[in-house]
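Lettering of chains follows the sequences in order, A, B, ..., and the numbering in each one begins at 1.
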Amino acid sequence: MSNWSDIKTRELAALLSPSISDVESKSRAELGPRIIAFLCNWCSYAGADLAGSLHKDYPPNIRIIRVMCTGRVDSTLILQAFAQGADGVLISGCHLGECHYRTGNYKVDRTISLLRSMLAQMHINPDRLLLTWVSASEAVKFSRVVTQFTEDLTRFGPLNPR
Amino acid sequence: MYMENTTDPSDLLTEPRIGVYVCKCGENIGGVVNIDRIVTEASRLPAVIITRGYEHFCSDSGQNTIREDIEKMGLNRVVIAACSPRMHEPTFRRTLQSAGLNPFLLEIANIREQCSWVHAHNPEMATEKARDLVEMAVSKVKYAQPLETSFVKVERACMVIGGGIAGIQSALDIANAGIKVYLVEKSPSIGGKMARWGKVFPSMDCSQCNLTPKMSAVANHPDIELFANSEVVETDGSVGNFTVTIRKNPSYVTAKCTACGACTQKCPTRGISNEFNYGLDTRKAIYKPFAQAIPNKYSIDPQHCLYLTKGKCGSCKKVCAAGAIDYDMGPEFKTIRVGTIIVATGYETYNPDKIPRLGFGVYPNVITAPMFERMISPFGPSEGALYRPSDRKKPQSVAFLLCVGSRDETLHVSYCSRVCCMYSCKQARLAKEFDPAIDVSIFYMDMRCFGKGHEEFYQETQSLGVNFIRGKVAEIHQDLRTQNLSLRYEDTLLGQTMLAEFDLVVLAVGQKPNPDAEAVARVLNIPRGLDGFFLEAHPNLRPNDSPVEGIYLAGCCQSPKDISDSVAQASGAASHAMIPLVKGEVPTEPLVAIPDPSLCAGCRVCESICAYSAIEVKPGPHGRKVAFVNSTLCHGCGACASACPKQAIQAPGFTSLQLLSQISTYLKGANNV
């Protein structure tokens, strides 16, 4: 990681407030896996919204971060998420060939392939990083993907980076 | 282009003063998430000046509260925890703007769609999650930058794709307002499916008599440019300024054609199934789809023309007095610029080949409703005479089978096609009108006659002596000798399995998306639902709009519809498509990549990764080569930001700092547990 992001991350750490809640007193096992998800604005975020409208329940472990395109998701964001204690990272965008920005999903596809092999070298199960395509109408698929991923991560147990 | 700036850029330097507003959305959020707890915990976050919970912040009084807080407490950042930003982000941006705050200093925590609606069975965890989402939004909004909305001039023209009744209605509405319309139709004539119907329900008017004046109005309108035989192959740009490439497929007949018809008489080909009459008769290789076709000219079917396939014949060229035949015609490409696009690509009827138990395509006397329509139409191949295809005799009994390719999970079609109940009632009446002695039965699951005047139409059909049998036909067998058809079905009102014989069976086939919808979706980059129909921006409030700004939906391409609904939606889409055109300018989201020349090393990675060629590396203020972004080309996807090894280029609203702060906020302390 570049100096720039190191500085910014340190700045961030300084800026971030101490914990304000009592959740931390709960054990990790009780809370289940912590999942960060990056969803593109046009397909998967809309698909997640539709899952909401249709009340297609899924486990509450996921925290969704909206990006305009999955092509925006870079390795720094994913590795920082793992380094800071995420048990899994989900990236979901438009189906290949349907990217709102032409080719963003192909770009993230390349990044993820590379990162998965890197994760293996770091003794992190590459299946903790999931890339999937969910369109704006695939609410049921979104719900299913999140449920399955949460179950997988629960089975893997908490991630303890070395 | 001019800029509108509501906030002093020095805002960036000032200490964040954040207001957090947690919306209950009635019971939608408040019924699951503990709003009081969210409010209490959020109020303890640093830089948060005020936190409030309320029933509906999107209401006038809710917005007024936010506005007053901004003004009285000097807030310079706002977080709204409510529904999806895809729902009310524009609303709250306007609230900020009206209070003198830059509209982009807003962050929305989606605690309805992403929280209360999907975790209703786990209120405790839903509250934890909502709290995290609010905290993440607060940490992100600290780094929000005021952005300037720019306005771009709009190209005062509209393109309508599809020349059926919906496309025709949209095109005429817009052109009648004095705005240029390009109407693109794939087949040789406009008119679509409506041109093929005999009569329409509930008025029992002649379909063509209603439609053809509109078609000729299109042909003669000074503001409509018609591209028949044409397809849209590429689009680029966004609302206000689309650049569209149209491919005009060769018809091998030039505009000199006077439609005299001498060529068809001389053409030696025969036996080509006539698609306009659903294969009930044949046509020649040079043909006009139907008598009232617009444009009123002939075209050559290159798959069957002897000259084009085998290089010999040329009869039509010899006989054409106008010299309109041009065998060397190739595809032409034309590029047009339009401000808005209306998609009206329509539907196709369900192909019952896929249901072998009904025997369509095997038993000649099993036909589809569109075939029946061509038979009974006075302009059809039999000039309105109803007959059995096997012996061309008048049928003594006719059965109509509803829900063929609708409401059938086994065929992967779960939706109701909405028109079949009514058109079958109409066809039953047409059969009775043709000869009252014909015994007519309709096999239905449920009669859905919900439109204006439709229930009355259904009751009148009943009173004419049409039998309504509640039951789905399981299978059809043909008597080899008479070619009559035996229908095995369960009459669910009697609770008995029955067998009945009919002379003619009509399958009320449902509506499916146009097979070209997939290609159109790709070219325009608009989404489709699981059923294959185009997705609307909002099912209740924006059924005429696609989710992509500047692209609108009309007619059956969005969902199955009858003619009156198609026309209503087409006029609605036309009025929406005219809004930017009449206004003359559209705001553009200022989410354009911003390079930092002091960090940029000029490596050109961003330049090569940009899908829009919006980045150019050239000498900067100090002579060193750095990246420059062309803001009119940039779409704001952020691919450059993720590719830059020095993070020297950032997508506003989604900067590394903002995204990392969201991650860190959620995960803080995670490693210590």
Most chain B-contacting option - heavy-atom pairs closer than 4.5 Å, from [options]:
options: A:M68, A:R102, A:H95; value: A:R102
options: A:T70, A:V67, A:N61; value: A:V67
options: A:E98, A:H55, A:R63; value: A:R63

- Message: Tell me whether the rings of B:H119 and A:Y58 are parallel (<30°), tilted (30 to 60°) or perpendicular (>60°).
- Response: perpendicular
Between [X] and [Y], which heavy-atom pair has the shortest distance, and what is it?
X: B:Y666; Y: A:I36; result: CD2-CD1, 3.6 Å
X: B:S642; Y: A:G71; result: OG-O, 2.7 Å
X: B:L667; Y: A:A81; result: CD1-O, 3.3 Å
X: B:C637; Y: A:C69; result: O-CB, 3.6 Å
X: B:Y612; Y: A:Y101; result: OH-CA, 3.0 Å

- Item | Member of B:D132, B:V118, B:N122 meeting the side chain to side chain contact (heavy atoms under 4.5 Å, CB included) criterion with A:P60 | B:N122
- Task: For the pair A:K107 (side chain) and B:I609 (backbone), establish whether a donor and an acceptor sit closer than 3.5 Å, ignoring hydrogens and angles.
- Result: yes
- Message: Tell me whether A:R72 contacts the main-chain N or O of B:A639 through its side chain, where contact means a donor paired with an acceptor under 3.5 Å.
- Response: no
- Message: Counting heavy-atom pairs under 4.5 Å with chain A, which one of B:K140, B:R522, B:K129, B:H121 comes out on top?
- Response: B:K129
- In terms of heavy-atom pairs under 4.5 Å with chain A, the winner among B:P85, B:S116, B:A643, B:G529 is B:P85
Which bit of [X] is near chain A, if near means a heavy-atom gap under 4.5 Å: side chain, backbone, both or neither?
X: B:M87; answer: neither
X: B:R528; answer: backbone
X: B:L591; answer: side chain
X: B:T127; answer: neither

- Item | Close contacts, residues 38-54 of chain A versus chain B, judged by heavy atoms under 4.5 Å | A:F38, A:N41, A:W42, A:Y45, A:A46, A:A48, A:D49, A:A51, A:G52, A:S53
Interatomic distance, [X] atom [atom1] to [Y] atom [atom2] [nearest 0.5 angstrom]:
X: B:L530; Y: A:K141; atom1: CG; atom2: NZ; answer: 10.5 Å
X: A:I64; Y: B:N110; atom1: CD1; atom2: CG; answer: 7.5 Å
X: A:I62; Y: B:Q114; atom1: CD1; atom2: CD; answer: 8.0 Å
X: B:L659; Y: A:Q80; atom1: CG; atom2: CD; answer: 12.0 Å
X: B:S84; Y: A:R66; atom1: OG; atom2: CZ; answer: 7.0 Å
X: A:C99; Y: B:N525; atom1: SG; atom2: CG; answer: 7.0 Å

- Query: Relative to chain B, which segment of A:V108 carries a heavy atom at a distance below 4.5 Å: side chain, backbone, both, or neither?
  - Reply: neither
- Okay, A:K56 and chain B: the region with an atom under 4.5 Å from a heavy atom over there is backbone
